[in-house]
Every structure is written in C-alpha cells, then in structure tokens.
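Structure, as structure tokens:
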Amino acid sequence: MPRNDTKQSRLVTRRRFLAATAAGGGLLVTPRGLYRPAIAQTAAVKVGVLAPLSGVYASLGTNKMNGIKMLFAEKGMKVAGRAIDLIVEDDEAKPQEGLRKARKLVEQDNVDVLLGVISSAIGYALKEYVGRAKKVWVTTGAAADGIFKKANNNPYAFRSSLSTWQANSPMGAWLGDKGFKGVFVTGPDYAMGREALDAFDNTFQMKGGKTVGGVYPPLGTTDFAPYLAEIKRANPDLVYASYAGSDAVRFVQQYVSFGLGRSTKLAGYGYLAEEDTFTAQGDAAIGIYSSLNWAYGIDTAINRDFVNSYRKAYNSIPSVDSVAGYVGAQVVWDAINRLGGKVVSQEVLSKAIDETRIDTPRGPISFDPDTRNVIQNIYIREAVKDGKEIHNKVLATFDAVRDPGV
C-alpha cells in the first residue's frame, strides 16, 4: 500500500509539472498520455478605429471604413501571425463624442493603436489627448493645417492623409505657370475653406498672378446665384474654389448653368471634383482642374490593382477617402509587421511609424519627424469623360511634398 501511494503521488506530481510547463509554452498532456509541443496562444492586435458612421459625414466615414477593412482583409486579418481585432466606434463627427469614444478605446478596450478620424475639430482635441495618454494615433483625415505643426509636435500623433496646405499650394504654382493672371477665389466661410484658398493664393501670387475678388458663402448654401453674379462682374480668367460634398455638387452645377463654364476656367481643391461627386455633377464637372494626393487615373500597378479590387469588393468607385482609409491601415500594418507583431511599447511603435517608407496607391509616403505629417506626391488632375464614366486623369505630379509646419 505505501508503495502504491508513492507511485500515485509521483504520477500526480508529474502531471502537475507537465500542466504547469504547458501553460508556459512547453509540453501538453494528451488524453492518451502522450506529449507534444504546446502552441503558444497569442492575443490579437487591437486596432481602435474612429469614423463618422452617422450624421453629415456618414458617407465619407463609410468610404474610409471600406478602405481600412479592405487592406486588413488583403492581409488575412493578421499581422506577423497575430490576428487583427478591429474595434470600431462612431465619432459622429462631433468633437465631444469623438473624444469620449477615443477614451473608451484607449482606457477600456486597451487598443494597441488608434486609427481614423475625418473631422478636424475632433483632430485638434484628439491630438492633445493622445499626447497625454501616450497612445499612438494615425489619422486618416483631419486636414486642418494647425493640427500638425512643428510647435505642437508629439511622437504619438501621425497624419497619413494630407494637410490643406499640401493639396493647394502646388496648385497655385502650377496654374501660375500655365499663364493664368487674374483669379477669383471662393469657398465656404469656415477655417479650412479659407485655409485652402490662402495656400493657393500665396503661391499663385509668387508666380505673378493677382486675386481680383473673393466670396465666402456659408456652408450648406443652396443658391449660389448672387455669388456667381459677383464672379461674372469681376471677369477673371480663373476661378479657384474650395467646396466639398454637396456644396461642391451645387456650386459646379450652378456655375455651368450660369454660363461661366464657357468663359472662365474653374479649378480648385480636389474635393471640388472628386470621384464621389461626379455622378451628381454629371458633365458639368468635365474640364475642372483640381489637386489632391490621389487620382483615379494614377498609372501605377499598385493603384490599378487597388481600384480594381475596390470596385470588385464594394461594387462602387473608390474615392480619395477610400484611399485614405486604405493607406492609414497600410501604415499601421507595416509598422507592426516590422515589429514582428509585438507592440511592446507605444514608444517603439511610434519609432516604427517614424521610419515608414512604403509604396501606396497614392505613391511613396514617409513621415516628417518635425511634424509627423505625411510626405507624399500631390497630383494636378483634370476631370475627363472615360467611356460612360467621369474620372480624374493626372496632368502633373509634385513629388514628395512636405508641409512646412510653421
């Protein structure tokens, strides 16, 4: 009896040892008493996403989410062998709601990285929060120039989309070189609408151009006739506009209906004539010059593959917002992949994003360490008829445009 107790005791001890070893990644006991190497279970990489999925920016948010989901799906929802867990929150394009949802993702969900945001108002608030919380955030929007400056640089916030200055400053130089002399500027009466016009105007004047007038209707204007009458009286050879969304649709349609399309060239910030406005604008959009960090017609293999895959996946045409979501996800995936799937600290992740050098549907991108703003190509585009569809073709490329951040 004592002999049997001792044997049983040794067996129990051995089983406990094996169980403890298995928990640490060593061996496992099978039901048949055989042993095999244990497979270590690794938690998923948590990516917290903020996007406006309701409210006035819901369509833009959906486009961004489509791009984000497409990139991660192409990677098999894994990075360096670890599963990717997307935790998505609707920021409703409201600063207080966006900040509340960001805190939830960071402080309750313990995400490894934050991704997203379109609204610049949320962008300003979130930039300060992630600096205090020491949580890396890669924004796919928030284009207001003031968010990413040398004076408020912190290592936790990155902009993978673009600044307003980046999109509009090159256009002033290009149109000046094209020989335009007198420009009338117009855009919505709020900070970013005016920022775009100022960035354009500075370089246009450096090329010898002159601003002959300007009007700034409120957001949501439905009748542009009084403003178009002012443009007609000024008789410029160029109009530069910074409208977006439904404002861009109405302005372009009424511009042509007013008769200005035949006499005065229309150009503007890329959102004036973008893939998601063409269906509503129709032929009124044809011939508009615009500038942005992406064009449907970029003639590279990676962009053609992106466009074809997006159209197949969503049965719709990608927009610049779709690409912004895709590229933001690309930045996050690439950085974590180079870390072997291990986000050991936010400082290590930040350094990995600082070292980003990747090719995207928009072309090559990297980050300016002085501002954490993206360095990228800016494309001068023209809306052209392509079969039954209207798309932007590339007329000129400004390589590696860096926002001065001052």
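Only this structure's heavy atoms are used, side chains among them; waters, hydrogens and symmetry mates stay out. Predicted model, so just to flag it, every value in this text is computed and none were measured.
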Within the 3.5 Å criterion, strictly below it, is a donor on [X] or [Y] matched to an acceptor on the partner's side chain?
| X | Y | result |
| --- | --- | --- |
| Gln205 | Asp201 | yes |
| Asp403 | Gln166 | no |
| Glu74 | Tyr326 | yes |
| Tyr310 | Ser322 | yes |
| Glu347 | Tyr156 | yes |
| Thr397 | Asn377 | no |
| Asn303 | Trp294 | yes |
| Arg381 | Ser290 | yes |
| Lys127 | Asn152 | yes |

*Measure from the ring center of Phe158 to the ring center of Phe367 and say whether it is less than 6.0 Å.*
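Here the rings of Phe367 and Phe158 have centres that are less than 6.0 Å from each other.
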*So, Tyr243 versus Tyr271, ring centres under 6.0 angstrom or not?*
no
Calculate, to the nearest 0.5 Å, the distance between atoms [atom1] and [atom2] belonging to [X] and [Y] respectively.
| X | Y | atom1 | atom2 | result |
| --- | --- | --- | --- | --- |
| Lys178 | Asp237 | NZ | CG | 12.5 Å |
| Ile87 | Asp85 | CD1 | CG | 4.5 Å |
| Glu128 | Leu99 | CD | CG | 9.5 Å |
| Asn337 | Lys342 | CG | NZ | 13.0 Å |
| Ile231 | Leu260 | CD1 | CG | 6.0 Å |
| Glu274 | Ile288 | CD | CD1 | 11.5 Å |

Counting only heavy atoms not in [X] (residues, nucleotides, ligands), do more than 12 fall under 6.0 Å from its [atom1]?
| X | atom1 | result |
| --- | --- | --- |
| Gln96 | CD | no |
| Asp223 | CG | yes |
| Lys149 | NZ | yes |
| Tyr57 | OH | no |
| Lys78 | NZ | no |

Just wondering, do [Y] and [X] contact through their side chains at under 4.5 Å, heavy atoms?
| X | Y | value |
| --- | --- | --- |
| Lys94 | Ile122 | no |
| Leu219 | Asp247 | yes |
| Ile380 | Met171 | yes |
| Asp399 | Ile378 | no |
| Gln254 | Leu228 | yes |
| Arg311 | Asn315 | no |
| Gln108 | Arg103 | no |
| Leu50 | Leu126 | yes |

_Lys104 and Glu97: CA distance, side-chain angles, deciding distance, salt bridge (charged side-chain N to carboxylate O under 4.0 Å, His left out) verdict_ = CA-CA 11 Å; Lys104 182 258 183 187; Glu97 188 66 10; over 6 Å; no
*Lys69 vs Asn66, side-chain contact (heavy atoms from CB on, under 4.5 Å): CA-CA, chis, key distance, verdict*: CA-CA 5 Å; Lys69 289 186 292 185; Asn66 285 349; 4.2 Å; yes
State plainly whether the residues [X] and [Y] are in salt-bridge range, i.e. N to O under 4.0 Å.
| X | Y | answer |
| --- | --- | --- |
| Glu107 | Lys135 | no |
| Arg100 | Asp91 | no |
| Lys207 | Asp177 | yes |
| Asp109 | Lys46 | no |
| Arg194 | Asp198 | no |
| Asp368 | Arg402 | yes |

Work out which heavy atom in [X] is nearest to a heavy atom in [Y]; give both atom names and the distance.
| X | Y | value |
| --- | --- | --- |
| Ser160 | Arg362 | O-NH2, 2.6 Å |
| Ser119 | Ala93 | OG-O, 4.2 Å |
| Gly61 | Ile118 | N-CD1, 3.7 Å |
| Leu349 | Val136 | CD2-CB, 3.9 Å |
| Val406 | Lys150 | CG1-CD, 4.2 Å |
| Thr356 | Val331 | OG1-CG1, 4.3 Å |

*Applying side-chain contact (heavy atoms from CB on, under 4.5 Å), run through Ser242 and Leu272 and close with a yes or a no.*
CA-CA 6 Å; Ser242 62; Leu272 178 72; over 6 Å; no
*Identify, with sequence neighbours excluded, every residue that meets salt bridge (Lys or Arg N to Asp or Glu O under 4.0 Å) alongside Asp354.*
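For Asp354 the salt bridge (Lys or Arg N to Asp or Glu O under 4.0 Å) partners, ignoring immediate neighbours, are Arg372.
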For the side chain of [X] and the backbone of [Y], is there at least one donor-acceptor N/O pair under 3.5 Å apart?
| X | Y | result |
| --- | --- | --- |
| Gln253 | Ala285 | no |
| Glu355 | Ser366 | no |
| Trp137 | Ala102 | no |

*Between Leu86 and Phe72, does a side-chain contact (heavy atoms from CB on, under 4.5 Å) hold up when you go through it step by step?*
CA-CA 9 Å; Leu86 287 183; Phe72 287 133; 3.6 Å; yes
*Residue pairs involving residues 382-406 (criterion ring pair (Phe, Tyr, Trp, His ring centres under 6.0 Å); sequence neighbours excluded)*: Tyr296-His391
*asked:* Testing Phe200, Trp174, Tyr379, Tyr240 one by one against Tyr289 for a ring-ring contact (aromatic ring centres under 6.0 Å, His included), which residue passes?
replied: Trp174
*Checking side-chain contact (heavy atoms from CB on, under 4.5 Å) for the pair Ile336/Val343: CA distance, chi angles, key distance, verdict?*
CA-CA 7 Å; Ile336 297 176; Val343 184; 4.1 Å; yes
*Would Asn153 and Thr371 satisfy side chain to side chain donor-acceptor pair (under 3.5 Å), going step by step from the backbone distance to the final call?*
CA-CA 5 Å; Asn153 186 27; Thr371 61; over 6 Å; no
*Working for salt bridge (charged side-chain N to carboxylate O under 4.0 Å, His left out), residues Asp299 and Arg304*: CA-CA 7 Å; Asp299 192 16; Arg304 289 193 298 271; 2.5 Å; yes
